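The structure displayed is predicted, hence computed values, not measured ones. Atoms within each ligand, like the ligands themselves, are counted from 1 in listed order.
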Amino acid sequence: MKLSIVIPVYNEEENLAELYRRLSAVLTALPYLSEIIFVNDASSDTTSSILKKFAANDKRIKALTLSRNFGHQIALTAGLDIAEGDMIISMDGDLQDQPEVVPMLIEKFNQGFDIVYARRRTRRDTLFKKCAAFVFYRMLNGLSEIPIPADVGDFRLMSRQVKQELMRFKEQSPFLRGLVSWMGFHQATIEFDRDKRFAGTPKYSMKKLITLAVDGVMSFTAKPLWAIFVAGLTLFLIGFIGGVGLVVQSVIYESSLVTIELILSAIFFLGGILLFALGIIGIYIARISSQSQGRPRYIIREKINL
Ligand code: UDP
Ligand code: MG
């Protein structure tokens, strides 16, 4: 049996030594062959040379360097594509996902589960991030047609079969935690207390986080489009009833009750709603467009020990 660990890293030079030390200790204690695949998402710090040093001394270490920064989900996809283990575990490179949880994931796999999630029982992030994550996962679950486990990130184990099926998905903006949940199989969850980042600053910028959230919603539901439809219908009915009311009133009182303020606010209100609706439709169209271009999802610049 072989175990693969896949870790996307982007400017994580301060974390790599500690991560390698703790992960090696865990892997050495396990009775499996193992490989650690680092995917260097075009870091601009010394991540690349640190990985080379690791790889020179330890044949279990493999590294991919992408040709530019493709983002966490794509970097993870690139690593999964080349993982060869019977069990494949993905985790972050900042020690928020503790290496010591790995044996707990494997224990569930040995009980017969194909997918094992590590759910964050507690997390040590900023208050804003905690609140945003709490709201996002509940909203996503409310909207999505399939259940997507709450408070589960990309720290999980997959069997080789699941991984091979996942490789058939060709989404340009994959929301991996949703796709894996969508796949079915036998899924289990273990709980752990997520640590705070060991060193360095978060590599998920606000823009990347929002994009991830939008990808999550857009790839699992068309409900925003239905919401636009219902909002349009409701406004039409209000407008119609209001219009009839105004005509009747002006006949009874023989004067117009329509003020310029009323008209102006109606224009702003409707214009806002229309642009908002167009924006939502536009995002769906942008996703179709990028999917239909069929570009490769990532480009590898360098392979080490592969
Ligand atoms: N990451 C990446 N590419 C990016 C951004 C992040 O490979 O463009 C990696 C990062 O190095 C880390 C993981 O994705 O290993 C999670 O990122 P981070 O810890 O910043 O996210 P957070 O835990 O704050 O959600
Ligand atoms: Mg992190």
Side-chain angles (χ1 to χ4, degrees), residues 4-20 22-23 36-51 54 61-83 88-99 101-102 117-137 140 150-156 172-178 192-216 297-302:
S4 303
I5 310 266
V6 181
I7 311 175
V9 286
Y10 178 51
N11 294 342
E12 300 287 6
E13 57 183 2
E14 299 126 299
N15 294 312
L16 289 174
E18 178 69 4
L19 173 65
Y20 176 56
R22 280 171 60 181
L23 195 55
I36 308 175
I37 301 171
F38 285 101
V39 185
N40 176 3
D41 195 6
S43 302
S44 53
D45 64 359
T46 57
T47 294
S48 172
S49 57
I50 298 174
L51 292 180
F54 288 169
I61 305 279
K62 299 169 179 181
L64 285 182
T65 305
L66 302 185
S67 61
R68 65 165 170 84
N69 181 254
F70 280 88
H72 173 245
Q73 296 289 295
I74 292 291
L76 184 50
T77 306
L80 290 174
D81 280 347
I82 58 150
I88 296 143
I89 293 177
S90 48
M91 60 194 288
D92 285 357
D94 58 358
L95 287 159
Q96 285 202 281
D97 301 335
Q98 294 108 304
V101 175
V102 164
Y117 303 104
R119 185 201 301 271
R120 306 150 178 169
R121 182 167 41 208
T122 56
R123 58 190 294 168
R124 291 163 69 190
D125 275 312
T126 59
L127 185 66
F128 169 76
K129 191 115 183 242
K130 279 188 197 169
C131 294
F134 183 87
V135 172
F136 171 69
Y137 282 114
L140 182 60
D151 306 322
V152 162
D154 283 306
F155 190 15
R156 78 176 92 75
Q172 290 291 325
S173 315
F175 183 66
L176 289 167
R177 58 201 78 163
F192 80 113
D193 297 299
R194 194 160 202 247
D195 243 335
K196 64 175 191 299
R197 183 173 249 283
F198 179 73
T201 50
K203 301 302 172 316
Y204 252 98
S205 58
M206 188 51 75
K207 188 173 152 221
K208 281 179 179 166
L209 266 182
I210 293 173
T211 311
L212 181 72
V214 170
D215 283 337
R297 294 190 291 176
Y298 56 85
I299 297 174
I300 296 171
R301 201 187 70 207
E302 192 181 22

Do D154 and Q73 pair up side chain to side chain, a donor and an acceptor below 3.5 Å, judged on atom types alone?
yes
So, applying side-chain hydrogen bond (donor to acceptor under 3.5 Å, both in side chains) with Y298, which one of T77, D41, D81 is it?
D81
If you measure from each non-hydrogen atom of L209 to ligand 1, which part falls under 4.0 Å: side chain, backbone, both or neither?
neither
Determine whether K129 and L209 make a side-chain contact, defined as any pair of heavy atoms from C-beta on separated by less than 4.5 Å.
yes
Of the backbone and side-chain N, O or S atoms of Y204, does one lie nearer to the Mg ion (ligand 2) than 2.8 Å?
no
Considering only protein heavy atoms, which is closest to atom 17 (O) of ligand 1, and at what distance to one decimal place?
Y204 CD1, 3.6 Å
Any nitrogen or oxygen of T201 lying under 3.5 Å from a nitrogen or oxygen in ligand 1? Just yes or no.
no
Check whether NZ of the Lys or CZ of the Arg R68 lies under 6.0 Å from the centre of the six-membered ring of F70 and within 45 degrees of that ring's axis.
yes
Backbone or side chain, does any N or O of P8 fall under 3.5 Å from an N or O of ligand 1?
yes
Taking atom NZ of K130 as the centre, does the number of heavy atoms from other residues, nucleotides or ligands within less than 6.0 Å exceed 12?
yes
Taking the ring centre of each residue, are H72 and Y10 less than 6.0 Å apart?
no
Spatial distance of atom CG (L95) from atom CZ (R22) [nearest 0.5 Å]:
5.0 Å
My understanding is that only one of D151, T122, D92 makes a side-chain hydrogen bond (donor to acceptor under 3.5 Å, both in side chains) with R194; could you say which?
D92
Got the closest protein heavy atom to atom 19 (O) of ligand 1, with its distance?
D94 OD2, 2.6 Å
Return the option from R194, R197, K203, K129 holding the heavy atom at the smallest distance from atom 24 (O) of ligand 1.
K129
Report the nearest protein non-hydrogen atom to atom 23 (O) of ligand 1: residue, atom name, distance rounded to 0.1 Å.
Q96 OE1, 2.6 Å
Heavy-atom closest contact (M91 atom, D97 atom, distance)
CE-O, 3.1 Å
So the atoms of ligand 1 within less than 4.0 Å of a heavy atom of D41 turn out to be 2 (C), 3 (N), 4 (C), 7 (O), 8 (O)
Tell me whether the rings of F54 and F38 are parallel (<30°), tilted (30 to 60°) or perpendicular (>60°).
tilted
Any N/O/S atom of D92 sitting less than 2.8 Å from the Mg ion (ligand 2), backbone or side chain?
no
Output the list of atoms in ligand 1 that are nearer than 4.0 Å to some heavy atom of E12, sorted by atom number.
10 (C), 11 (O), 12 (C), 15 (O)
Got an N/O contact under 3.5 Å between P202 and ligand 1?
no
Out of all atoms in ligand 1, which are within 4.0 Å of some heavy atom of K208? Include the element for each.
4 (C), 8 (O)
Tell me the protein heavy atom at minimum distance from atom 14 (O) of ligand 1, and give that distance in Å.
H72 CD2, 3.0 Å
For G93, atoms of ligand 1 separated by under 4.0 Å from a heavy atom
12 (C), 15 (O)
Quick note on ligand 1: atoms under 4.0 Å from a heavy atom of V9 include exactly 7 (O), 11 (O)
Just do the side chain to side chain donor-acceptor pair (under 3.5 Å) check on K203 and N69 with the steps written out, would you?
CA-CA 11 Å; K203 301 302 172 316; N69 181 254; over 6 Å; no
Among the N, O or S atoms that D94 has, which is closest to the Mg ion (ligand 2)?
OD2
